[in-house]
**Student:** 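The structure that follows is given in the form of structure tokens.
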Number of protein chains: 2
Amino acid sequence: MPQTSNSPSPDLTTVIARNRPRFRTATEFVEAAMREAILGGVLPAGAPLRQEELAAAFGVSRMPVREALRQLEARALVEFHPHRGAVVAAISAADSADIGTIRTALEPTALRLSLPRLTPEDFALAAELLAEMDAEPDPGRMGELNRRFHMTLYARAGRPRLLALVEQHLAAADRYLRFQFVALGYQSRSQDEHYALLAACRAGDVEAACANVVDHVTLAGEQLTAFLDRPD
Amino acid sequence: MPQTSNSPSPDLTTVIARNRPRFRTATEFVEAAMREAILGGVLPAGAPLRQEELAAAFGVSRMPVREALRQLEARALVEFHPHRGAVVAAISAADSADIGTIRTALEPTALRLSLPRLTPEDFALAAELLAEMDAEPDPGRMGELNRRFHMTLYARAGRPRLLALVEQHLAAADRYLRFQFVALGYQSRSQDEHYALLAACRAGDVEAACANVVDHVTLAGEQLTAFLDRPD
DNA sequence: TGCGCGGATATTGGATCCAATCTAACGATC
DNA sequence: GATCGTTAGATTGGATCCAATATCCGCGCA
């Protein structure tokens with residue numbers, strides 16, 4: 001398994017401070033911060049999650065940590081081993097392909113429902129996000145912008161469960177995408193695909209837009225699989 | 001919203017007794033039993049989930065209950081209201097359509113991957129499940145058999161995440177399917193579709209099988225939507 | 001020297017206890 | 001008579017405490 005990317009990962013303390021005031025209950029806060037930390041690579045795959053340790057870092061007791069871990073387990077972001085503790089869920093080429101398959105199934109569906117209802121404001125926002133991405137060097141913020149771009153196009157689907165699943169797997173894919181920004185030329189090609197996708201959406205061409213999404217996800221998946229499977 | 005079906009719902013005590021010895025930690029046990037109770041209609045939509053009460057029923061303290069509730073929240077089976085408690089997630093025509101859309105996207109994908117690898121034993125098992133369904137009067141067991149039939153056909157897809165999602169939404173659909181067994185003639189038509197699906201799979205006709213799945217899910221969804229939207 | 005058993009230690013799982021907050025009922029005031 | 005404020009009760013959220021289990025190291029024995 002290749003080593004994690006060269007991003008300027010903020011440490012756990014930074015992630016904590018950023019999330020602290022936004023939540024009512026400690027459990028929500030811990031859950032959100034840990035999810036961000038895992039998806040952002042701050043807590044790498046396989047890292048053991050000692051309850052006492054996390055509780056101290058978050059400034060809470062072990063209980064909110066335990067509840068948060070349970071939620072993350074249900075989202076497949078951490079794995080529990082009874083009486084042995086939890087670890088950050090592993091990543092693998094197979095899992096990446098799994099997520100890619102799910103995205104390929106769900107995202108065209110969401111786009112099909114959403115596209116006819118998208119407004120000029122939505123398109124403008126999407127274009128703005130693409131422009132930001134062109135200038136963004138940090139992989140962490142990049143993943144966030146990428147996610148928001150895609151979600152903007154799907155947002156009008158009016159299917160809360162579907163959108164939650166799509167967002168969840170976009171976020172899961174981000175874990176893998178982080179590896180990819182080091183890959184030569186990936187970012188610019190990905191951006192080309194984004195612009196093509198947006199153009200097709202603006203033209204109201206549902207079939208072309210869906211094809212673009214499928215190709216975009218498939219290509220990213222193939223390149224990533226090749227990268228993860230390469231001999232180190 | 002129509003009243004729940006006329007099934008011989010076992011009470012909570014029965015569900016508890018059935019699950020008690022199968023798990024190593026209390027949290028796992030409570031989570032499984034509560035999921036079964038919610039999906040099976042024992043705990044109806046909107047029912048308040050008092051922690052103390054559930055803890056007493058399960059013979060444990062409040063803590064495993066809380067952890068289980070958090071997991072079920074992440075699976076969208078219960079809703080948390082901070083400092084006010086949790087309730088069983090609501091059901092609605094919109095939510096049913098949401099689940100139907102997800103199934104329509106995921107199940108053909110799973111079938112496409114799985115079908116080429118299905119063995120004669122898999123087909124035999126699927127046929128056996130269909131035969132059992134023909135003779136099963138209880139909606140609860142019926143839902144379980146239905147789920148196992150579908151999952152048998154998808155099982156060789158070799159995509160754990162995808163299969164988990166499919167199973168989760170099959171189970172979620174069961175919550176709605178329960179209403180449907182009262183609808184005149186639904187069960188026999190559904191079984192016809194199941195047999196047609198199995199035949200297409202046995203013939204190795206991927207496209208026909210996928211079309212069958214989509215139609216099957218779509219038809220069930222439409223009928224159910226009509227049922228839920230009807231004036232009481 | 002290698003293998004297996006046993007106890008010490010660390011860590012999780014579960015129970016109990018305390019604090020914070022929401023709900024509802026009662027009463028006072030306009 | 002209605003509305004607002006206050007207060008008591010109930011229930012959740014969080015912290016601490018205890019028990020159960022797994023890991024690891026050392027010792028004994030083959």
Side-chain angles (χ1 to χ4, degrees), chain A residues 12 16-17 19-35 37-38 43-90, chain B residues 12 16-17 19-35 37-38 43-90:
Chain A
L12 195 54
I16 291 171
N19 285 288
R20 174 91 237 184
R22 299 197 332 218
F23 297 96
R24 282 287 148 51
T25 69
T27 299
E28 281 177 27
F29 152 59
V30 172
E31 196 269 339
M34 284 193 59
R35 178 161 41 169
I38 293 172
L43 291 171
L49 298 168
R50 301 256 168 286
Q51 298 176 358
E52 198 79 50
E53 199 173 299
L54 291 169
F58 286 110
V60 298
S61 81
R62 272 177 52 211
M63 168 145 339
V65 173
R66 281 165 62 175
E67 287 188 4
L69 287 174
R70 288 293 179 188
Q71 282 179 296
L72 296 170
E73 183 201 17
R75 293 205 150 82
L77 287 175
V78 314
E79 296 167 8
F80 264 80
H81 302 274
H83 295 280
R84 298 194 339 188
V87 298
V88 177
Chain B
L12 194 54
I16 292 171
N19 284 288
R20 173 84 240 190
R22 299 198 332 219
F23 297 97
R24 301 201 302 151
T25 70
T27 300
E28 281 177 27
F29 152 59
V30 173
E31 197 269 340
M34 283 192 61
R35 178 162 42 169
I38 293 171
L43 292 171
L49 299 167
R50 300 257 168 284
Q51 298 176 0
E52 197 78 50
E53 200 173 296
L54 291 169
F58 285 110
V60 298
S61 82
R62 271 178 52 212
M63 166 141 348
V65 173
R66 281 164 63 175
E67 287 188 0
L69 286 174
R70 288 294 180 188
Q71 282 179 295
L72 296 170
E73 184 201 17
R75 293 205 148 82
L77 286 177
V78 313
E79 296 168 8
F80 264 81
H81 301 275
H83 295 281
R84 294 193 321 178
V87 299
V88 177

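Every heavy atom of this structure was used, including side-chain atoms; hydrogens, water molecules and symmetry mates were not. Quick note on labels: first sequence line is chain A, next is B, and so on, each numbered from 1.
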**Student:** Quick one, Leu54(B) and Phe58(B) - any side-chain contact, counting heavy atoms below 4.5 Å?
**Tutor:**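 They are in contact (side-chain heavy atoms under 4.5 Å apart), so the answer is yes.
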
**Student:** Is the shortest heavy-atom distance from the side chain of Leu77(A) to the side chain of Val88(A) under 4.5 Å?
**Tutor:**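 When only atoms from C-beta onward are counted, Val88(A) and Leu77(A) do not touch, as no gap falls below 4.5 Å.
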
**Student:** Is any side-chain heavy atom of Val87(B) closer than 4.5 Å to one of Val78(B)?
**Tutor:**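 They are not in side-chain contact.
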
**Student:** Could Arg24(A) and Glu28(A) be called an ion pair, given the rule that one side-chain N must be under 4.0 Å from one carboxylate O?
**Tutor:**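 Judged by the 4.0 Å cut-off on N to carboxylate O distance, Arg24(A) and Glu28(A) do not form a salt bridge.
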
**Student:** Under 3.5 Å, is there a donor-acceptor pair linking the side chains of Glu73(B) and Gln71(A)?
**Tutor:**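 A pair is found: one side chain offers a donor N or O, the other an acceptor, under 3.5 Å apart.
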
**Student:** Classify every nucleotide of nucleotides 7-20 of chain C by which part a protein heavy atom approaches to under 4.0 Å, writing B for the base, S for the sugar-phosphate alone and - for neither, in 5'-to-3' order.
**Tutor:** ----SBBBBB----

